[in-house]
Amino acid sequence: MKKQRLLGWWALPLLALSLLAVPSTMKATDRPADSPEVSKLLAEAKTEAVELKNDSANMESFTRSGITWHTYASHISMVKEHVNAVGRLLGQLNEKESQWAPWQKTAIERITPLLRELAANTESTINHLKDNQSRVHLPPFKDYVKANYELASDLAALVTDFVDYGSAQEKVELLERKLEIT
């Protein structure tokens, strides 16, 4: 029993020494650098996605009231503008593909299909509203609006998580550089 404790006691310092001896190829500062331009575009996409989520939430709240189709029409046009803005930002991000860090690539690859689905649902919502102006209080239209809100919420959360991850990673790398200096 005492031999096991003694062995366990020596294992901890050995583990600590082995971690200090990690070759520089394993340090976070040696990862491909984040592109500041890509990070900036992702931050702009985050802003648009959050506004999109808020406008979609407002529309979804209308489904519990007696508002007219005109109010829906004005709000769905705002939603469409935000979807298009995120789409333009995604286009700009794709133009900078050679600058992507691995996490930025993953972010863009995950945002793209979700944005496509949201754009398709927004278009379906607009078309349904055009064809059924007097039926905005019936379940089919409410389902479109609810789906739009859920997709917008998912998009905002996804983009926010990646932007936050990038910021946290940047802070870690800054701390590592400070530790190397001292």
Enter the distance from [X]:[atom1] to [Y]:[atom2] here, rounded to the nearest 0.5 Å.
{"X": "Tyr72", "Y": "Leu129", "atom1": "OH", "atom2": "CG", "value": "9.0 Å"}
{"X": "Leu118", "Y": "Leu52", "atom1": "CG", "atom2": "CG", "value": "5.5 Å"}
{"X": "Glu95", "Y": "Leu41", "atom1": "CD", "atom2": "CG", "value": "9.5 Å"}
{"X": "Glu123", "Y": "Lys80", "atom1": "CD", "atom2": "NZ", "value": "8.0 Å"}
{"X": "Asp161", "Y": "Arg110", "atom1": "CG", "atom2": "CZ", "value": "10.5 Å"}
{"X": "Ile111", "Y": "Leu114", "atom1": "CD1", "atom2": "CG", "value": "8.5 Å"}

Apply the side chain to side chain contact (heavy atoms under 4.5 Å, CB included) test between Asp34 and each candidate in Pro102, Ser39, Ser167; give the one that qualifies.
->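 Only match with Asp34 under side chain to side chain contact (heavy atoms under 4.5 Å, CB included): Ser39.
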
Give a yes or no on whether [X] and [Y] share a hydrophobic cluster (residues Ile, Leu, Val, Met, Phe, Trp, Tyr; joining criterion: side-chain heavy atoms under 4.5 Å apart).
{"X": "Val172", "Y": "Leu174", "value": "no"}
{"X": "Leu90", "Y": "Leu42", "value": "yes"}
{"X": "Leu115", "Y": "Leu158", "value": "yes"}
{"X": "Met78", "Y": "Val145", "value": "no"}
{"X": "Leu175", "Y": "Trp103", "value": "no"}

Are the side chains of [Y] and [X] in contact, using a 4.5 Å heavy-atom criterion?
{"X": "Thr63", "Y": "Lys146", "value": "no"}
{"X": "Thr106", "Y": "Phe162", "value": "yes"}
{"X": "Tyr144", "Y": "Ser124", "value": "yes"}

Ignoring hydrogens and angles, tell me if any N or O in the side chain of [X] forms a donor-acceptor pair with the backbone of [Y] under 3.5 Å.
{"X": "Thr47", "Y": "Ala43", "result": "yes"}
{"X": "His75", "Y": "His70", "result": "no"}
{"X": "Thr112", "Y": "Glu109", "result": "no"}
{"X": "Asn148", "Y": "Ser56", "result": "no"}
{"X": "Gln104", "Y": "Ser35", "result": "yes"}
{"X": "Ser61", "Y": "Asn58", "result": "yes"}
{"X": "Trp100", "Y": "Leu93", "result": "yes"}

Test log, rule side-chain contact (heavy atoms from CB on, under 4.5 Å), inputs Thr71 and Thr68 = CA-CA 6 Å; Thr71 305; Thr68 66; 3.9 Å; yes

Would you call Lys96 and Glu37 a salt bridge, using N to O less than 4.0 angstrom?
->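 Salt bridge between Lys96 and Glu37, a charged N being under 4.0 Å from a carboxylate O: yes.
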
Once the angle between the rings of Phe141 and His128 is folded into 0 to 90°, is it parallel (under 30°), tilted (30 to 60°) or perpendicular (over 60°)?
->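 Parallel: the ring planes of Phe141 and His128 meet at under 30°.
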
Would you indicate whether Lys142, at its atom NZ, is surrounded by more than 12 heavy atoms from other residues, nucleotides or ligands within a distance under 6.0 Å?
->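 Result for NZ/Lys142: enclosed.
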
Assess whether atom CD of Gln133 is packed by more than 12 heavy atoms of other residues, nucleotides or ligands within 6.0 Å.
->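 Buried by this count: over 12 neighbours within 6.0 Å.
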
Only counting residues at least two apart or in another chain, list the ones meeting side chain to side chain contact (heavy atoms under 4.5 Å, CB included) with Ser153.
->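 Expected list: Lys53, Tyr149.
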
Looking only at heavy atoms, which two atoms of Val79 and Met59 are closest? And how far apart?
->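 That would be CG2-SD, 4.1 Å.
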
